[in-house]
Amino acid sequence: MAKAVLKNISEIRRHFHRNEDPIYFISATNFNLLGLDEWCKNFKYICYIDCYDGKHPNVFCPSEQPHAEFQSIEDINNYLLQHKEVIDLVKRRGGKPKFVFLMFDEETERLSKELGADVWFPKAKLRTNMDNKIETVRIGNKAGVPSVPNVLTEVKSYEGLRKTCEDAGIGHDLVLQSAFGDSGHTTFFIKSKADFRRHEHEIIDEGEIKVMKRIDCRGSAIEACATKQGTIVGPLMTELVGFKELTPYRGGWCGNEILSTAFPPKIRQKARELTFKFGEQLRKEGYRGYFELDFLIDKKTGDIWLGELNPRITGASSMTNHAAFAHADAPLFLFHLLEFSKKKFDLDVNELNNRWADPAMIDSWSQMVIKHTEDSVDIATEVPETGIYKMREDGSIDFDRFDYHRRAVESENEAFFLRILQPGDYRYEGADIGILVTRGRSMTPGFKLNERGKRWIHGIKQGVSGRPLPVAEAGPAFADPAFKIL
């Protein structure tokens with residue numbers, strides 16, 4: 001007997017409402033796929049950090065065990081997969097488990113196989129190849145999705161760099177990006193020999209580097225899912241970048257906004273078209289499932305340039321999967337699960353994309369990732385707990401009630417805060433304190449932090465306190481991890 005084909009959104013929603021096989025999102029926190037457990041039966045989170053003090057019914061955090069210092073999210077996930085309490089949980093719940101991750105490597109795949117689980121993402125090796133910023137340019141070129149005028153080259157000296165850029169006609173006001181890494185750490189703004197000298201140890205002999213002409217631009221993000229029926233495209237979001245109130249890293253991502261009027265209609269439509277074309281090329285390259293593109297929008301010309309590809313869920317995924325269209329139809333990540341479930345489906349992707357392009361399908365939200373921005377180290381003693389906060393008329397912030405639903409935010413004077421920093425953790429420059437989600441904008445029309453956003457940030461930070469390090473620990477400088485857990 002042939003298996004039934006899912007032919008509409010209603011049938012897809014029903015399919016996941018009745019899902020029997022356990023699906024686990026395994027990561028440092030559940031932030032990236034917040035709320036997915038309410039769309040999919042038997043969906044659980046296995047996390048290293050307990051953001052909810054044990055109050056979230058679908059978040060499991062095993063007890064702390066001795067481990068080597070984590071160098072990446074992959075390390076955290078591999079630690080979790082070898083933890084006896086996690087192994088016992090997965091075996092006790094039975095079924096044929098499915099694992100999804102923010103980040104994973106070939107060791108994660110091996111450990112998953114040992115647990116009898118399928119990893120519902122493309123292979124780690126393929127994801128790593130797609131994640132290479134040099135490869136992203138090449139995929140974009142094939143798809144007809146242009147990058148900022150650039151040259152891909154190995155850099156041996158400043159003089160050599162100048163000569164290469166002269167030959168390529170991109171001038172000497174440059175942005176250099178390593179093949180891998182976070183934009184706040186591996187993007188270098190080079191206009192002079194002095195600039196180059198500051199970063200030469202991170203540029204010379206680091207292999208092929210993307211050297212771009214510097215443009216005056218707005219950052220934006222858009223997520224999509226490449227399926228066998230075609231690429232499904234989410235909304236274009238703004239990016240909060242480099243705000244000193246939120247992050248110590250110049251050029252570092254620190255949040256997003258989602259609203260229908262963030263960019264002019266022509267730019268929104270063009271970004272959607274380019275994302276669809278890129279997704280169709282990804283399918284040809286063998287990649288399928290969820291991905292995110294950063295676009296750079298030239299302030300003067302309105303030209304749209306491909307910034308980078310993230311072949312995975314991202315820090316913006318929570319925004320995409322909670323937008324009005326997600327509640328009207330289904331979260332974008334549900335289509336990723338559908339793609340890997342091997343369940344047959346027949347959707348009119350063009351009709352779905354056209355519907356999701358309707359401004360009425362996008363409501364206005366903002367998220368800010370709040371880091372410790374001072375050049376200091378101590379041990380956190382108090383951190384605002386996860387839940388709903390209210391802003392008084394004088395701008396002060398009060399905790400109102402515990403909740404793990406961001407939709408519980410009723411007005412722009414309320415916010416949902418997800419605590420990342422735990423009492424007893426080191427608080428150092430760049431440490432994540434938490435994520436604040438509000439209705440409405442956190443930026444002005446000119447893309448600066450607005451007063452309301454600043455008040456929210458100040459209010460949360462006022463609730464964090466710490467004690468000095470013990471004398472024995474105060475000597476060596478404390479190095480922050482070279483990876484983002486979000």
Side-chain angles (χ1 to χ4, degrees), residues 16 19-34 36-37 39-51 54 56-132 180 225 286-291 310-314 317 333-334 336-343 481-486:
F16 284 105
N19 172 65
E20 291 301 326
D21 279 336
I23 304 175
Y24 301 91
F25 174 51
I26 302 172
S27 195
T29 77
N30 75 327
F31 164 65
N32 306 85
L33 292 181
L34 202 64
L36 248 293
D37 54 318
W39 288 89
C40 182
K41 183 185 174 187
N42 287 316
F43 190 102
K44 301 284 185 185
Y45 305 99
I46 297 175
C47 301
Y48 177 67
I49 299 171
D50 184 3
C51 303
H56 194 303
N58 289 321
V59 172
F60 176 74
C61 298
S63 58
E64 183 77 9
Q65 299 291 329
H67 58 80
E69 185 178 346
F70 297 136
Q71 301 296 322
S72 64
I73 299 172
E74 292 89 335
D75 285 351
I76 293 174
N77 290 337
N78 295 342
Y79 159 82
L80 289 170
L81 290 176
Q82 295 174 84
H83 197 296
K84 184 179 185 302
E85 293 170 21
V86 172
I87 294 169
D88 288 347
L89 173 75
V90 172
K91 290 186 174 177
R92 183 170 65 250
R93 295 189 69 232
K96 177 65 176 171
K98 323 297 180 188
F99 291 167
V100 291
F101 303 94
L102 172 62
M103 304 291 281
F104 63 92
D105 56 21
E106 292 179 9
E107 174 66 3
T108 320
E109 291 173 330
R110 186 188 69 77
L111 291 168
S112 300
K113 190 175 181 181
E114 280 187 2
L115 275 171
D118 295 330
V119 176
W120 273 8
F121 262 107
K123 293 290 185 185
K125 189 174 181 180
L126 177 62
R127 290 214 323 175
T128 300
N129 187 46
M130 298 288 109
D131 203 18
N132 183 324
F180 296 101
C225 185
Y287 182 90
R288 61 197 177 110
Y290 210 94
F291 68 95
N310 287 300
R312 56 181 165 272
I313 55 175
T314 71
S317 298
F333 193 74
L334 223 59
H336 174 97
L337 297 179
L338 183 64
E339 176 69 14
F340 282 87
S341 71
K342 298 180 181 174
K343 181 74 178 174
F483 65 95
K484 292 190 299 187
I485 63 166
L486 305 175

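Gln82 places a side-chain N or O within 3.5 Å of a backbone atom of Asn78 that can act as its donor or acceptor partner. With hydrogens and angles disregarded, a donor-acceptor distance shorter than 3.5 Å links the side chain of Asn19 to the backbone of Asp21. At distances below 3.5 Å, at least one donor-acceptor pair connects side-chain atoms of Lys96 with backbone N or O atoms of Gly116.
Taking the ring centroids of Phe70 and Tyr48, they lie under the 6.0 Å cut-off.
Glu74 is not listed as a side-chain neighbour of Phe101, based on a closest heavy-atom distance of 4.5 Å or more. Counting heavy atoms from C-beta on, the side chains of His56 and Asp37 come closer than 4.5 Å. Side-chain contact between Pro97 and Leu115: absent, with no pair of heavy atoms (C-beta onward) separated by less than 4.5 Å. When side chains are defined from C-beta on, Gln65 does not count as touching His67, because their heavy atoms never get closer than 4.5 Å. Counting heavy atoms from C-beta on, the side chains of Cys51 and Phe31 never come closer than 4.5 Å. Looking only at side-chain heavy atoms (C-beta outward), Asn77 and Phe99 stay at 4.5 Å or farther from each other.
Note that CD1 of Ile49 and OG1 of Thr29 are 6.5 Å apart. Values are rounded to the nearest 0.5 Å. Here the CD1-CG distance, from Ile23 to Leu337, works out to 5.0 Å after rounding to the nearest 0.5 Å. Between the CD atom of Glu106 and the OG atom of Ser112 there is a distance of 12.5 Å, given to the nearest 0.5 Å. The CG atom of Asn32 sits 6.0 Å away from atom OG of Ser317, with the distance rounded to the nearest 0.5 Å. The distance from the CD1 atom of Ile46 to the CG atom of Leu89 is 5.0 Å, given to the nearest 0.5 Å. Atom CZ of Phe43 is separated from atom CG of Asn30 by 9.0 Å, given to the nearest 0.5 angstrom.
Of the listed residues (Leu338, Asn42, Leu36), just one forms a side-chain contact (heavy atoms from CB on, under 4.5 Å) with Phe16, and that residue is Leu338.
Closest approach of Ser27 and Ile73 over heavy atoms only: OG-CG2, 4.2 Å. Heavy atoms only, all atoms of each residue included: Ile87 and Leu81 are closest at CG1-O, 3.6 Å. Minimum heavy-atom separation, Cys47 to Ala28: CB-O, 3.6 Å. Pairing each heavy atom of Pro22 with each of Gly94, the nearest pair is CG-O, 3.2 Å.
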I'd like a table of donor-acceptor pairs (distance under 3.5 Å, sequence neighbours excluded) in which one partner is a side-chain atom from residues 118-127, with atom names and distances.
unit_1 : atom_1 : unit_2 : atom_2 : d
Asp118 : OD2    : Lys98  : NZ     : 3.4
Arg127 : NH1    : Pro311 : O      : 3.4
Arg127 : NH2    : Leu102 : O      : 3.1

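Applying the ring pair (Phe, Tyr, Trp, His ring centres under 6.0 Å) test to Phe291 and every residue at least two apart in sequence or in another chain returns nothing. Legend: residues meeting side-chain hydrogen bond (donor to acceptor under 3.5 Å, both in side chains) with Tyr79, ordered by chain and number and at least two apart, are absent.
Checked by atom type, the side-chain pair Thr128/Asp131 shows no donor-acceptor distance below 3.5 Å. Ser63 and Glu85 share a donor-acceptor pair across their side chains, judged by distance under 3.5 Å alone.
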Legend entry - side-chain contact (heavy atoms from CB on, under 4.5 Å) assessment of Tyr290 paired with Thr314: CA-CA 9 Å; Tyr290 210 94; Thr314 71; 5.8 Å; no

Inset, instruction - Check the pair Glu114, Arg110 against salt bridge (charged side-chain N to carboxylate O under 4.0 Å, His left out), reporting the backbone distance first and the verdict last. - result: CA-CA 6 Å; Glu114 280 187 2; Arg110 186 188 69 77; 2.5 Å; yes

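Between Lys113 and Glu109 no salt bridge is recorded (no basic side-chain N to carboxylate O distance below 4.0 Å).
Lys84 NZ: 12 or fewer foreign heavy atoms inside a 6.0 Å radius.
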